[in-house]
Amino acid sequence: METENHESKIDVRIIVGGLDIAQLVSKAVNNIQLENDYNIIVSSIIPTVELPIVKKVASGADILLIGGYGQDETYNILFNELKTDFNHIGLFDYNSVIVEDGSIDFKLAEKEILNSIIKSTLSYSLNLINIHTLENKLMKVTHNYNSLLDDYNQLIKEQEVLTRENKELREDLDEVKSDYSAFKLRYEDIYSKEILEIFNLNDLWQDTFRQDLADEERIVIATNRFKPDNIIVGQGFIAAQSKQKAVEWLNIVRTALIFVEDNEEDLKRELNSDRENKVPEVNDEYEIPNTFENFWE
């Protein structure tokens, strides 16, 4: 037995008020050969207007024809309950098939059924065009949505990377803050301390005394021996609280150097004479005097 294929045909279902009119409609449908001539099938003729039954049988139809005397209350109720975006509802008007004596003209019934179906088919075709338009729009929207979804997923990945990098930066920042706090604590009293200025020893000696520095080593030795406050000499530089303090110390050292050089022989004779006249006592704790004679040794 060959299976009927209704997928490419327009499915029409007709709703009428009772069995008598249903039989008439069924006979008329068979006579007008809708399937062969128009690729239309009437899959159901529903002989009731009871809404639960009608809704169950009419579900999935492309076109629904509702029999009635014009668009009356029954038609409006069924229309509102059965209309969807994917079907079309038309009127099978009883007034067009009744003749003067109140009987139903079979030929008029055939004509009314055919006209109602054709009208509804045209409306259904227009509805299909609208549906196809909506489908195309839906496809575009779906494409845009998928594209936006891809962008969103990419942004999520980038956000994860940025979140991780931000966490690392915060950890680095916390470490820097910790180091800064330790540094600040260590040097918070730096402004209360005396800061020493550094000067080139040769240049300062030249500027002060208008002569070249002959013996830098002696200045270093003198400074290390006497340890003046806030004065450091070495490596060709002198550090002091100010240039004036540095010059003052150089003046002291220069005076001492001149004094030692000018009186070196007299000092030696005087020291030797003192040693001859005074017999030193033997004392394990005896300290050698810090004289100019052994100062530079």
Side-chain angles (χ1 to χ4, degrees), residues 84-86 130-258 260 287-288 290 294-297:
T84 70
D85 292 334
F86 302 98
N130 293 332
I131 290 175
H132 289 321
T133 301
L134 291 175
E135 287 177 344
N136 291 333
K137 290 182 178 179
L138 179 61
M139 288 179 63
K140 291 180 179 179
V141 170
T142 302
H143 176 75
N144 291 335
Y145 170 78
N146 290 332
S147 177
L148 290 173
L149 184 60
D150 291 339
D151 293 342
Y152 172 77
N153 291 330
Q154 182 63 31
L155 288 174
I156 290 296
K157 292 180 181 179
E158 293 176 358
Q159 183 186 24
E160 291 175 353
V161 173
L162 290 174
T163 300
R164 184 168 60 253
E165 292 178 350
N166 184 55
K167 182 180 178 182
E168 294 174 354
L169 288 174
R170 285 185 178 275
E171 292 174 353
D172 293 341
L173 179 61
D174 291 339
E175 184 177 352
V176 170
K177 286 182 177 179
S178 178
D179 292 343
Y180 172 74
S181 297
F183 177 84
K184 185 178 179 181
L185 181 63
R186 183 176 179 183
Y187 296 103
E188 62 184 352
D189 59 342
I190 191 170
Y191 292 106
S192 63
K193 293 183 177 180
E194 297 291 343
I195 305 301
L196 302 181
E197 296 185 57
I198 298 175
F199 307 95
N200 185 284
L201 184 57
N202 290 303
D203 292 345
L204 188 58
W205 190 275
Q206 178 70 37
D207 292 343
T208 304
F209 306 116
R210 296 294 185 269
Q211 64 182 47
D212 294 333
L213 177 60
D215 196 346
E216 177 183 336
E217 184 178 359
R218 289 195 173 193
I219 298 177
V220 174
I221 293 172
T223 304
N224 291 338
R225 289 286 182 86
F226 291 104
K227 296 182 175 55
D229 292 338
N230 300 316
I231 298 290
I232 301 172
V233 177
Q235 303 295 323
F237 294 93
I238 179 171
Q241 292 178 337
S242 65
K243 185 176 181 181
Q244 180 181 354
K245 294 291 185 181
V247 170
E248 288 176 358
W249 175 247
L250 292 182
N251 273 314
I252 293 172
V253 174
R254 182 171 179 269
T255 300
L257 289 174
I258 293 173
V260 170
E287 294 183 359
I288 298 175
N290 186 17
N294 62 15
F295 180 81
W296 307 113
E297 296 176 358

request  = Using atom types as modelled and distance alone, determine if a side-chain donor or acceptor of Lys245 lies under 3.5 Å from a backbone N or O of Ser242.
outcome  = no

request  = Hey, could you give me the CZ/CG distance between Phe237 and Leu201, rounded to the nearest 0.5 Å?
outcome  = 9.5 Å

inquiry  = Tell me if the CD atom of Glu158 is crowded by more than 12 foreign heavy atoms within 6.0 Å.
reply    = yes

task = Could you tell me which residues satisfy side chain to side chain donor-acceptor pair (under 3.5 Å) with Trp205, sequence neighbours excluded, listed by chain and number?
result = none

task = Supply the atom-to-atom distance Asn224 CG to Ile219 CD1, rounded to the nearest 0.5 angstrom.
result = 12.0 Å

inquiry  = Nearest 0.5 Å, please: how far is NZ in Lys177 from CG in Leu173?
reply    = 4.5 Å

Test item: Val176 and Asp174 side chains (from C-beta on) under 4.5 Å apart, heavy atoms = no

inquiry  = Just checking Asp229: does its CG atom have more than 12 heavy atoms from other residues, nucleotides or ligands closer to it than 6.0 angstrom?
reply    = no

Heavy-atom pair of closest approach, residues Ala240 and Ile231 = CB-CD1, 3.5 Å

key: Heavy-atom side-chain contact between Arg164 and Val161 under 4.5 Å   = yes

Those residues that, when tested against Glu171, pass side chain to side chain contact (heavy atoms under 4.5 Å, CB included) (two or more places apart) = Lys167

key: With Gln244 via side chain to side chain donor-acceptor pair (under 3.5 Å) - residues at least two apart   = Glu248

inquiry  = Tell me every residue that passes salt bridge (Lys or Arg N to Asp or Glu O under 4.0 Å) with Asp215, counting only those two or more places apart in sequence or in another chain.
reply    = Arg218

ask   = Asp203: what forms a side chain to side chain contact (heavy atoms under 4.5 Å, CB included) with it, not counting sequence neighbours?
value = Asn200

message = Please enumerate all residues that pass side chain to side chain contact (heavy atoms under 4.5 Å, CB included) together with Val247, with sequence neighbours excluded.
response = Leu204, Thr208, Lys243, Asn251

request  = Measure from the side-chain N and O atoms of Asn166 to the backbone N and O of Leu162, and report whether any donor-acceptor pair falls under 3.5 Å.
outcome  = no

message = I need the Leu250 CG to Leu213 CG distance, nearest 0.5 Å.
response = 8.5 Å

task = Mind checking the CG-CD1 spacing from Asp151 to Ile156? Nearest 0.5 Å is all I need.
result = 12.0 Å

task = Would you please name every residue forming a side chain to side chain contact (heavy atoms under 4.5 Å, CB included) with Ile232, sequence neighbours left out?
result = Leu196, Ala239

query = Is it true that a side-chain atom of Glu216 and a backbone atom of Gly236 form a donor plus acceptor pair closer than 3.5 Å?
reply = yes

inquiry  = Distance check, rounded to the nearest 0.5 Å: Tyr152 atom OH versus Gln159 atom CD?
reply    = 8.0 Å

key: Leu169 CG: over 12 foreign heavy atoms closer than 6.0 Å   = yes

